[in-house]
There are 2 protein chains.
Amino acid sequence: MTKTPAKPANAIRAKPTKPRREKAAQGRMSAQPEPASEPPSGRVARAAERREAIIVAAMEEFVGRGYAATRLDDVARRAGVAKGTIYLHFKDKEALFEELIRTAIVPLVNRIVPPANPGGSVRDMIELFARAFIQEVATTQRADIIRLIVAEGPRFPAIADFYYREVVSRGLAKLRALIELGIARGELRQPELAHFPQIVVAPAIVAVIWKSLFENHSPLDALEMFRVHLDLIFGERRTT
Amino acid sequence: MTKTPAKPANAIRAKPTKPRREKAAQGRMSAQPEPASEPPSGRVARAAERREAIIVAAMEEFVGRGYAATRLDDVARRAGVAKGTIYLHFKDKEALFEELIRTAIVPLVNRIVPPANPGGSVRDMIELFARAFIQEVATTQRADIIRLIVAEGPRFPAIADFYYREVVSRGLAKLRALIELGIARGELRQPELAHFPQIVVAPAIVAVIWKSLFENHSPLDALEMFRVHLDLIFGERRTT
DNA sequence: TGACAATGACTGACCAGTCAGTCATGTTTT
DNA sequence: AAAACATGACTGACTGGTCAGTCATTGTCA
């Protein structure tokens, strides 16, 4: 995409040779076992480890500076890897970014959606659902991932699509089912709510944004806000 | 990222001087006083006009590409102005960006906050408030300004501060007053709502984000969603 | 005819992406 | 078991291009 004009290729590589000496020390002597994640010894394991490190580093950089302003040099440095290594694992900056979002989102969804709680009230189920979301996202720096998606989504349709497919439509479908169950059971008396499950999660979304932008201006108790919201939806609250 | 056409690059630094001719015509002769935004003839007026054009152009570019990816060359071209002219009006890219948000936000707030409606019900007042917001923002491309603030806010504390001060705290204060009035009048029976006025506007915020990211996946009737939400808050709806 | 607004070619810094070369690790031979 | 060899993960200097910001020159108004 980037290049239109023909590439002049490389003319005469000057002196690429450079005594690489001290660098060896930085490599791995066989004697010392690693600090944290032990010596994987297998080449593949090592590679996977580095790939992981790159993703983690890239996450921090992209979240902190946005897509365009992030330098791959910084990502490499943070990952403790040379820039070229990034390109062994990802086609280009964009591929890294998209892959990043994917690997961040999937485990997030799995952690939140599953609780297919057995026989509690619908309110309890929704509360669990939302509580998990708020605790796993709004409270942590994972909120910034959401902000990143909102910020860059329109420029990366692949990401917006993926996010819609894997998170939004799935979550809303689940929510809608719960709402319908609540209506059938008489816990909920607003049948039209099933058309707009977004209303149920709206305060959680707002909490995420609030945390990112205004937390230092005025902190927000997301969980308490959500409880009040549920009182609105389900009528008077049972004692807590 | 994306490169446009093959840029002549700096192949042969030609003669710096270039007779600028036709451009003059595009300027304004002093003779004809035009209808609308016309031959201001005054230097100051002209200057203000250009400044305005730059802001409009910058708005479109920043909204479409984000801060970092926006090129001032493009802003200049879109504004029908040379790049240097931008620097006659703004210290640098960042100053332009911040000024931009400021001038976009203020009129927006004035258009929405004012309706200090006289003696309707609280629900009517809130509905008016929110309807104005949804019609003025969620429906239009102004929604992208909000997204822009969410996206770039953390990187531009001055903007987040300004936005919090001028829009958020002001809007929430107004809303809180309305909620308290509603409680006093007995229209609202959830006193704790006054602690979280965010709940009232949450669906509108969500609508804004939805429009930006998912409108093509699944359109959302923001106004209708908000009506359902108000039913939740105020209890059963009066016929509509 | 100044004085100042406007211009756009130019510079300097910056950065995505490349690739020749290095070396730790694993494999085969002796 | 040890030495010779093969592999490919890894490195980082380098290229081609981009872009914010500058400034000498030119145009225009009062």
Side-chain angles (χ1 to χ4, degrees), chain A residues 1-21 23-30 39-51 54 68-77 79-96, chain B residues 1-4 6-21 23-30 39-47 50-51 54 67-77 79-96:
Chain A
M1 70 174 70
T2 330
K3 255 344 78 75
T4 311
K7 208 62 139 306
N10 31 337
I12 306 118
R13 287 295 178 157
K15 38 178 36 293
T17 326
K18 198 61 151 312
R20 185 129 321 90
R21 198 36 33 83
K23 214 39 176 146
Q26 176 256 39
R28 186 166 324 283
M29 289 288 70
S30 50
S41 89
R43 302 252 282 256
V44 256
R46 291 276 306 280
E49 207 174 55
R50 272 152 191 273
R51 190 191 151 93
I54 291 169
T70 291
R71 292 176 292 253
L72 291 193
D73 281 299
D74 289 346
V75 172
R77 190 174 322 125
V81 153
K83 180 144 66 118
T85 306
I86 293 175
Y87 289 88
L88 297 178
H89 294 279
F90 306 94
K91 183 174 146 288
D92 57 16
K93 191 183 183 185
E94 192 170 328
L96 169 59
Chain B
M1 59 183 78
T2 329
K3 201 50 340 141
T4 325
K7 217 56 151 302
N10 24 342
I12 308 124
R13 289 337 181 111
K15 58 271 284 6
T17 325
K18 196 67 145 309
R20 181 105 329 79
R21 198 37 35 79
K23 209 39 173 150
Q26 176 255 41
R28 183 125 294 95
M29 290 289 61
S30 52
S41 90
R43 302 253 281 254
V44 256
R46 291 276 307 279
R50 273 154 189 273
R51 190 190 151 93
I54 291 168
Y67 177 80
T70 290
R71 292 174 293 249
L72 291 193
D73 280 300
D74 290 347
V75 172
R77 190 174 323 123
V81 153
K83 180 146 67 121
T85 306
I86 293 175
Y87 288 89
L88 297 178
H89 293 279
F90 305 93
K91 183 174 147 287
D92 56 16
K93 191 183 182 185
E94 190 170 327
L96 169 59

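Chain A is the first sequence line, chain B the second, and so forth, proteins listed ahead of strands; every chain is numbered from 1. No hydrogens, no waters, no symmetry mates; every other heavy atom, side chains included, goes into these values.
Atoms CZ and CG, from Arg51(A) and Leu96(A) in turn, are 9.0 Å apart once rounded to the nearest 0.5 Å. With values rounded to the nearest 0.5 angstrom, Leu72(A) atom CG is found 12.0 Å from Thr85(A) atom OG1. In this structure, the separation between NZ on Lys91(A) and CD1 on Ile86(A) is 14.5 Å, given to the nearest 0.5 Å.
Below the 3.5 angstrom threshold, one finds no donor paired with an acceptor across the side chain of Lys93(B) and the base of dG21(D).
Taking 4.0 angstrom as the limit, His89(A) places a side-chain polar atom (N or O) nearer than this to OP1 or OP2 of dC10(D). Phosphate proximity of dC10(D) to Arg50(A): present, with a side-chain N or O under 4.0 Å from OP1 or OP2. At least one side-chain nitrogen or oxygen of Thr85(B) sits closer than 4.0 Å to the OP1 or OP2 atom of dT7(C).
Closest approach of Ala76(B) to Ala82(B), counting heavy atoms only: CB-C, 3.9 Å.
Rounded to an integer number of Å, the gap from CZ of Arg51(B) to P of dA5(C) is 14 Å. For the pair Asp92(B) CG and dG12(C) P, the interatomic distance rounds to 20 Å; values are reported in whole Å. Going from atom NZ of Lys91(A) over to atom P of dA16(C) covers 15 Å, rounded to whole Å. Atom CG in Leu96(B) sits roughly 15 Å away from atom C1' in dC19(D) (whole-Å rounding). Tyr87(B) places its OH atom 21 Å from the C1' atom of dC4(C), with the value rounded to the nearest Å. If you measure from atom CZ of Arg77(B) to atom P of dT18(D), you get 13 Å, rounded to the nearest angstrom. Rounded to an integer number of Å, the gap from CD1 of Ile86(B) to C1' of dT22(D) is 14 Å. The NZ atom of Lys83(A) sits 11 Å away from the P atom of dA13(D) (whole-angstrom rounding).
Checking dT11(D), dG21(D), dG8(C) against every side-chain atom of Ala82(B), the shortest atom distance belongs to dG8(C). Side-chain atoms of Arg71(B) lie closest to dC19(D) of the nucleotides dT18(C), dC19(D), dG21(D).
Position along DNA chain C of the nearest nucleotide to Ala69(A) versus Gly84(A) favours Ala69(A) as the more 5'-ward residue.
You'll find the side chain of Phe90(A) stays beyond 4.5 Å of the side chain of Glu94(A), heavy atoms only.
Leu88(A) comes within contact range of at least one nucleobase, with a heavy-atom separation under 4.0 Å.
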